[in-house]
Amino acid sequence: MIEWSSATIKDFQTTLLTWFDQEGRDLPWRRDHEPYHIWVSEIMLQQTQVQTVIPYYERFMAWFPTVTDLAQAPEEKLLKAWEGLGYYSRVRNMQRCARQLLTDYDGQWPQTAAELTELIGIGPYTAGAIASIAFNEPVPAVDGNAFRVFSRLLEIDDDIAKPQTRQVFERAIAKIISQDRPGDFNQAIMDLGSSYMTARQPDSAHSPVKRFNQAYLDGKELAYPVKTKKPRPVPVDYVAVMAQVDDQWLMMQRPSNGMLANLWTVPFIKVADLALDESYTDAELTAAVNAYFKQEYQLTLTSQCLPVKPVTHTFTHQKWTLRLLAGQVTTPDLAFFPGRLVTTDDLAQLPTPKVQDKVWQRYRQ
DNA sequence: TATTCGTGGTA
DNA sequence: TTACCAAGAAT
């Protein structure tokens, strides 16, 4: 890791901010510095690309124009606003944060990163982003872009997958960040990271800061950032049960914690939870599922396997394979079932994950 | 500290 | 298909 002189730091700031003034992206959440707007955009942008976020952001602001609107919204509408974005706890935590603001902060945003970190769902990055952009506090906002950009500029060799590495970057950036325009500085780093200093195909030869880019000057740009690999997704087998009562579908709401919390699907049953041997026939599978419905939900299901290819869906850490079953439920009493019956027309009202879309698609094919 | 939280895109 | 990346936080 190299150190910059104060003259180099000043030179870098001027170069970066001049470029940002001319080439910075025009994005919906950059029209003003309202903390609510900055906050919503930053939460959406966590692990999510700008292009994906833009339409979600516009709709979110139309549905929930203020913190109060967000605090008062029914959860089903919240999840519908987030449907397809992933990491759904983000939006549930946003509502908790909105209520926290109204009850504990009299509706007034705290204006420092240290205080913002105390709010639910706001970690070190988001706190730095809001504090610098909305309140002009000169603090780093260390996201994936900052890790990548500064690891290359300064040849920082620490493994960014390790939590303790964050403070290495925060200390380095704290020395370099513009005291006058910290929000623009942080956003310029993000724009740099998504244009000239990308992960796979950087174009540093044309970058406005190429003369500051030590890794590029040394011809080893792609060696940065240093990051250990993550384990492969673990395979998990499910059955997805398309169960009907007359013309209505049996829809299940997932538990309020864990994956896809509170979202709606047809009943997904982990094959490992069924009383089955290592190898089993279709008949044994449907019998086990029917028995499971009786035992867990007090429902009488008559199902059969569908002759279609199983649906596969890969999450960050799990790879699901879902076999499709279809059937009827007779004399339903839903007292023991965590869900409800829904007509085909009303299915779209429920917030569902992408894997449910794939299941419907395969069912209809 | 390491794991758990989605989805879309690219090579 | 597989691997990896994209404005991370909670536990």
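Each chain gets a letter, A, B and so on, in the order its sequence line appears, and its residues count up from 1. Atom set for the values below is all heavy atoms of this structure, side chains included, hydrogens, waters and symmetry mates excluded.
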Counting only side-chain N and O atoms of [X], is one of them less than 4.0 Å from OP1 or OP2 of [N]?
{"X": "A/Gln46", "N": "C/dA6", "result": "no"}
{"X": "A/Tyr87", "N": "C/dA10", "result": "no"}
{"X": "A/Lys162", "N": "B/dT1", "result": "no"}
{"X": "A/His317", "N": "B/dC5", "result": "yes"}
{"X": "A/Arg148", "N": "C/dA7", "result": "yes"}

[options]: which one has an atom nearest the side-chain heavy atoms of [X]?
{"X": "A/Pro124", "options": "B/dG6, B/dT7, C/dA9", "answer": "C/dA9"}
{"X": "A/Lys229", "options": "C/dA9, B/dG6, C/dC4", "answer": "C/dC4"}
{"X": "A/Tyr125", "options": "B/dG6, C/dA6, C/dA7", "answer": "C/dA7"}

A cation-pi test, strictly: NZ or CZ of A/Arg31 under 6.0 Å from the centre of the six-membered ring of A/Trp29 and no more than 45 degrees from its axis. Yes or no?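 No.
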Please report, rounded to the nearest Å, how far the [atom2] atom of [N] is from the [atom1] atom of [X].
{"X": "A/Trp82", "N": "B/dC5", "atom1": "CH2", "atom2": "C1'", "value": "13 Å"}
{"X": "A/Leu260", "N": "B/dT4", "atom1": "CG", "atom2": "P", "value": "15 Å"}
{"X": "A/Asp159", "N": "B/dT1", "atom1": "CG", "atom2": "P", "value": "12 Å"}
{"X": "A/Arg166", "N": "C/dA10", "atom1": "CZ", "atom2": "C1'", "value": "13 Å"}
{"X": "A/Leu27", "N": "C/dA7", "atom1": "CG", "atom2": "C1'", "value": "10 Å"}
{"X": "A/Asn262", "N": "B/dG6", "atom1": "CG", "atom2": "P", "value": "11 Å"}
{"X": "A/Arg232", "N": "C/dC4", "atom1": "CZ", "atom2": "P", "value": "10 Å"}
{"X": "A/Phe315", "N": "B/dT4", "atom1": "CZ", "atom2": "C1'", "value": "12 Å"}

Could you tell me whether [X] and [Y] have a side-chain N and a carboxylate O separated by less than 4.0 Å?
{"X": "A/Asp273", "Y": "A/Lys270", "answer": "no"}
{"X": "A/Glu83", "Y": "A/Lys354", "answer": "no"}
{"X": "A/Asp104", "Y": "A/Arg99", "answer": "no"}

Look at all strands and tell whether [X] reaches a base, only sugar-phosphate, or nothing, counting heavy atoms closer than 4.0 Å.
{"X": "A/Val50", "value": "base"}
{"X": "A/Ile133", "value": "nothing"}
{"X": "A/Trp29", "value": "base"}
{"X": "A/Arg30", "value": "base"}
{"X": "A/Lys319", "value": "sugar-phosphate"}
{"X": "A/Thr52", "value": "nothing"}
{"X": "A/Ile122", "value": "sugar-phosphate"}

Between A/Ser41 and A/Asn93, who's closer to the 5' end of DNA chain C by nearest nucleotide? A/Ser41
Nearest heavy atom decides the nucleotide; on that basis, is A/Gln47 or A/Thr312 closer to the 5' end of DNA chain C? A/Thr312
Is the distance between the ring centroids of [X] and [Y] under 6.0 Å?
{"X": "A/Phe212", "Y": "A/Trp4", "value": "yes"}
{"X": "A/Tyr363", "Y": "A/Trp249", "value": "yes"}
{"X": "A/Phe315", "Y": "A/His317", "value": "no"}
{"X": "A/Tyr56", "Y": "A/Phe60", "value": "no"}

Contacts to DNA chain B from residues 56-80 of chain A, heavy-atom cutoff under 4.0 Å, which residues? none
Quick one, which residues of residues 169-202 of chain A touch DNA chain B with a heavy atom under 4.0 Å?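 Nucleic-acid contacts, sorted: A/Arg200, A/Gln201.
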[atom1]-based separation of [M] from [N] [nearest Å]:
{"N": "B/dT1", "M": "C/dA9", "atom1": "C1'", "value": "15 Å"}
{"N": "B/dT3", "M": "C/dC4", "atom1": "P", "value": "16 Å"}
{"N": "B/dC5", "M": "C/dA6", "atom1": "C1'", "value": "16 Å"}
{"N": "C/dA7", "M": "B/dA11", "atom1": "C1'", "value": "23 Å"}

Could a donor-acceptor pair under 3.5 angstrom be found where the side chain of [X] meets the base of [N]?
{"X": "A/Arg25", "N": "C/dA7", "answer": "yes"}
{"X": "A/Thr316", "N": "B/dG6", "answer": "yes"}
{"X": "A/Thr314", "N": "B/dG6", "answer": "no"}

Take A/Gln214 and A/Asp218, measure what side-chain hydrogen bond (donor to acceptor under 3.5 Å, both in side chains) needs, and give me the verdict at the end. CA-CA 6 Å; A/Gln214 194 60 44; A/Asp218 291 343; 3.2 Å; yes
Residue met sooner reading DNA chain B from 5', once A/Pro231 and A/His313 are mapped to nucleotides: A/Pro231
So, for [X] and [Y], which heavy atoms are closest and what is the spacing to 0.1 Å?
{"X": "A/Thr312", "Y": "A/Lys358", "result": "O-NZ, 3.1 Å"}
{"X": "A/Tyr292", "Y": "A/Tyr297", "result": "CE2-OH, 3.8 Å"}
{"X": "A/Arg90", "Y": "A/Thr48", "result": "NH1-OG1, 3.3 Å"}

